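Everything below concerns the one structure shown next.
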Amino acid sequence: MNKVLKLGAATAAAMTVAGAVHAGTLDKVREAGELACGVSEGVPGFSNPNSEGVWVGFDVDFCRAIAAAILGDAEAVRYVPLASKQKVLAVSSGQVDLTSRTTTWTMKRDTTEGVDFTAVVYYDGQGFMINAATGVESAKEMDGATVCVTTGTTTELNLADFGRSNDLQLEPVVFEGKHEAVEAYKSGRCDALTTDMSQLAAFRTSFADPSAHRILPEVISKEPLAPLVAHGDNQWKDLVTWVVFGLIAAEDLGITQANVAEQAANATAPNIKRLLGSSGDTGGFIGLDGDWMVKAISAVGNYGEIFGRNLTATLGMERGLNAQWKDGGILYAMPIR
């Protein structure tokens, strides 16, 4: 069963100051018998409860893979829905063990807010969606438009930069949460909605008539999305980072959820044997058993399977930059050796 904990006002008020030093997260997770994973409040394809109340999605599957690698149980995850303004503080304060929630890796967050980013799981960029009936075909035609945006995000800053750079008067209509911004746009309170292109595609699928809304072609920023952990626990940062890299490497090497057991038993290629624990001690480098990646891949599949199941099958999203390096994208894992 998925377990969910919502951060209330009292919990948020009790959070400690960002920048606290954390250590021993792996031991904490083992002692608790579960991984506390921060996710979004609900973005289709990325992290969202399904009709049975079970959390599913691209970001969710990385939580599940990490739990499987550590505990041997992909269901041993407590999901904590986080608003945009909570996603960094929840990690730095120790409320969650990591956040896997469409969070952009920026210099300020990585250096001053008490968190460390791990490995990029999705290369994204910010864009705009507008009612197709307006006839607007380019973001540079939006002079004078009101734009729904979420406060405390890179999205808000990028919107201001884009307006200044293109001599456009764009009036932000600011909301605390992403869903409030989306609902305001749907109701006609704003002319346009801005957020990551992947989220625009995801939210549009929930509209009564998706074809009535146009995602404009301009991508106005770079948004590398990565899980984040509290600063100060190097072992934990390494563990989360290398589980992600392991899933990316598995796709590159042709290791799938269906064949991972056979590959672990019979593969002769040195890089596959190292990844799956048939030789060497890659798991020991991060405090895990030798079959750490066998457990993770058995639970969720490789990176391509995660992407296909959650983003291509449900949202029709193409791999783009998130294709493997040999397939025209920029995705590859650091060497596991």
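The analysis underlying the following values was restricted to heavy atoms, covering all of them including side chains, and did not include hydrogens, waters or symmetry mates. The model shown is predicted, which means the values in this text are computed figures rather than measured ones. Nothing fancy with the numbering, it's 1 onward along the sequence.
Thr146 and Asp191 are linked by a side-chain donor-acceptor pair at a separation below 3.5 angstrom, with hydrogens and angles left out of the test. For Thr195 and Lys178, the side-chain atoms include at least one donor-acceptor pair closer than 3.5 Å. In this model, a donor atom of one side chain and an acceptor atom of the other lie less than 3.5 Å apart for Glu218 and Ser138. Under 3.5 Å, the side chains of Glu223 and Ser221 contain a donor-acceptor pair of N or O atoms. Looking at Thr282 and Trp242, their side chains never bring a donor and an acceptor atom within 3.5 Å of each other. Inspection of the Asp252 and Trp325 side chains reveals an N or O donor paired with an N or O acceptor under 3.5 Å. Defined by atom type and a distance below 3.5 Å, a donor-acceptor pair is present between the side-chain atoms of Thr194 and Gln126. No hydrogens or angles considered: a donor-acceptor pair under 3.5 Å links the side chains of Thr25 and Asp233. At a cut-off of 3.5 Å, with distance as the only test, no side-chain donor of Glu305 or Gln257 sits close to an acceptor on the other residue.
Between Glu34 and the choices Lys28, Arg64, Arg78, the salt bridge (Lys or Arg N to Asp or Glu O under 4.0 Å) rule is met once, by Arg78. With Phe46 as the partner, the side chain to side chain contact (heavy atoms under 4.5 Å, CB included) test is satisfied by one option alone out of Ser40, Ser198, Ser100: Ser198. Pro224 pairs with exactly one of Val120, Val121, Leu321 by the side chain to side chain contact (heavy atoms under 4.5 Å, CB included) rule, that one being Val120.
Counting non-hydrogen atoms of neighbouring residues, nucleotides and ligands closer than 6.0 angstrom, the CG atom of Asn50 exceeds 12 such neighbours. Within 6.0 Å of atom NZ in Lys108, 12 or fewer heavy atoms from other residues, nucleotides or ligands are found, so the atom counts as exposed in its surroundings. Counting heavy atoms of neighbouring residues, nucleotides and ligands inside a 6.0 Å radius, atom CD of Glu318 does not exceed 12 of them. In Arg189, the CZ atom is not crowded: 12 or fewer heavy atoms of neighbouring residues, nucleotides or ligands sit closer than 6.0 Å.
Val244 has its side chain within reach of Phe62: a pair of non-hydrogen atoms, C-beta onward, lies under 4.5 Å apart. The shortest distance between side-chain heavy atoms of Leu216 and Met129 does not fall below 4.5 Å. Using a 4.5 Å cut-off on side-chain heavy atoms (C-beta onward), Leu247 and Met293 make contact. Taking the side chain as every heavy atom from C-beta outward, Arg109 and Thr104 approach each other to under 4.5 Å. By the 4.5 Å heavy-atom criterion applied to side chains, Asp116 and Leu228 are not counted as neighbours. The closest side-chain heavy-atom distance from Phe162 to Leu170 is below 4.5 Å. A heavy-atom distance below 4.5 Å is found between the side chains of Asn322 and Tyr303. Side-chain contact between Leu276 and Ile255 is present, with at least one heavy-atom pair separated by less than 4.5 Å.
Thr153 contributes a side-chain N or O that, together with a main-chain N or O of Thr150, makes up a donor-acceptor pair within less than 3.5 Å. A donor-acceptor pair under 3.5 Å is absent between the side-chain atoms of Arg214 and the main chain of Asn131, judged by distance alone. Side-chain atoms of Thr103 come within 3.5 Å of backbone atoms of Arg101 as a donor-acceptor pair (strictly under, hydrogens ignored). In this structure, the side chain of Gln169 does not engage the main chain of Met142 through any donor-acceptor pair within 3.5 Å. Although no hydrogens or angles enter the test, the distance criterion places a donor-acceptor pair under 3.5 Å between the side chain of Asp281 and the main chain of Gly284. A donor-acceptor pair under 3.5 Å is formed between the side chain of Arg204 and the backbone N or O of His213. Remark: the backbone N or O of Leu168 is not paired with any side-chain donor or acceptor of Asp143 at under 3.5 angstrom. Between the side chain of Gln95 and the backbone N or O of Val91, no donor-acceptor pair lies under 3.5 Å. Panel note: side chain Asn259, backbone Gly254; a donor-acceptor pair is recorded below 3.5 Å. No donor-acceptor pair under 3.5 Å is formed between the side chain of Arg337 and the backbone N or O of Leu275.
Between Trp105 and Phe117, the angle of the ring planes stays under 30°, which puts this pair in the parallel group of the 30/60° scheme.
Between Glu180 and Lys85, no side-chain nitrogen of the basic residue sits less than 4.0 Å from a carboxylate oxygen of the acidic one, so the salt-bridge criterion is not met. Ion pairing between a basic and an acidic side chain is recognised when a charged N comes within 4.0 Å of a carboxylate O; Asp289 and Lys295 show such pairing.
Scanning all heavy atoms of the two residues, the minimum distance from Pro81 to Trp55 falls at CG-CZ2, 3.6 Å. Across all non-hydrogen atoms, the minimal contact from Ala250 to Asn302 is CB-CB, 3.7 Å. Listed here is the closest heavy atom pair of Ile306 and Gly301: CD1-O, 4.2 Å. The two residues Ala90 and Ser93 have their closest heavy-atom pair at O-OG, 3.3 Å. Between Ala267 and Ile272, the closest heavy-atom pair is CB-CG2, 3.6 Å. Shortest non-hydrogen contact noted between Ile336 and Ala249 is CD1-CB, 4.1 Å.
Taking the six-membered ring wherever Trp is involved, the centroid distance between the rings of Phe245 and Tyr332 does not fall below 6.0 Å.
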Should Glu156 and Leu159 be marked as a side chain to side chain contact (heavy atoms under 4.5 Å, CB included) after you check the CA-CA gap, both sets of side-chain angles, and the distance that decides it?
CA-CA 5 Å; Glu156 187 178 13; Leu159 175 62; 5.9 Å; no
Does the ring-ring contact (aromatic ring centres under 6.0 Å, His included) test come out yes or no for Tyr185 and Phe203, once each step is laid out?
CA-CA 11 Å; Tyr185 166 74; Phe203 286 125; over 10 Å; no
How far apart are the C-alpha atoms of Lys222 and Asp124, what are their side-chain angles, what is the distance that settles it, and do they pass the salt bridge (Lys or Arg N to Asp or Glu O under 4.0 Å) test?
CA-CA 6 Å; Lys222 296 182 180 69; Asp124 211 341; over 6 Å; no
Verdict with supporting geometry, Phe175 and Thr151, side chain to side chain contact (heavy atoms under 4.5 Å, CB included):
CA-CA 6 Å; Phe175 298 89; Thr151 189; over 6 Å; no
Check against side chain to side chain contact (heavy atoms under 4.5 Å, CB included), Gln235 and Leu26
CA-CA 8 Å; Gln235 181 191 42; Leu26 176 57; 3.8 Å; yes
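With values rounded to the nearest 0.5 angstrom, Tyr123 atom OH is found 12.5 Å from Arg319 atom CZ.
Cluster membership check: Leu253 shares its hydrophobic cluster with Phe307, using side-chain heavy-atom separations under 4.5 Å among Ile, Leu, Val, Met, Phe, Trp and Tyr.
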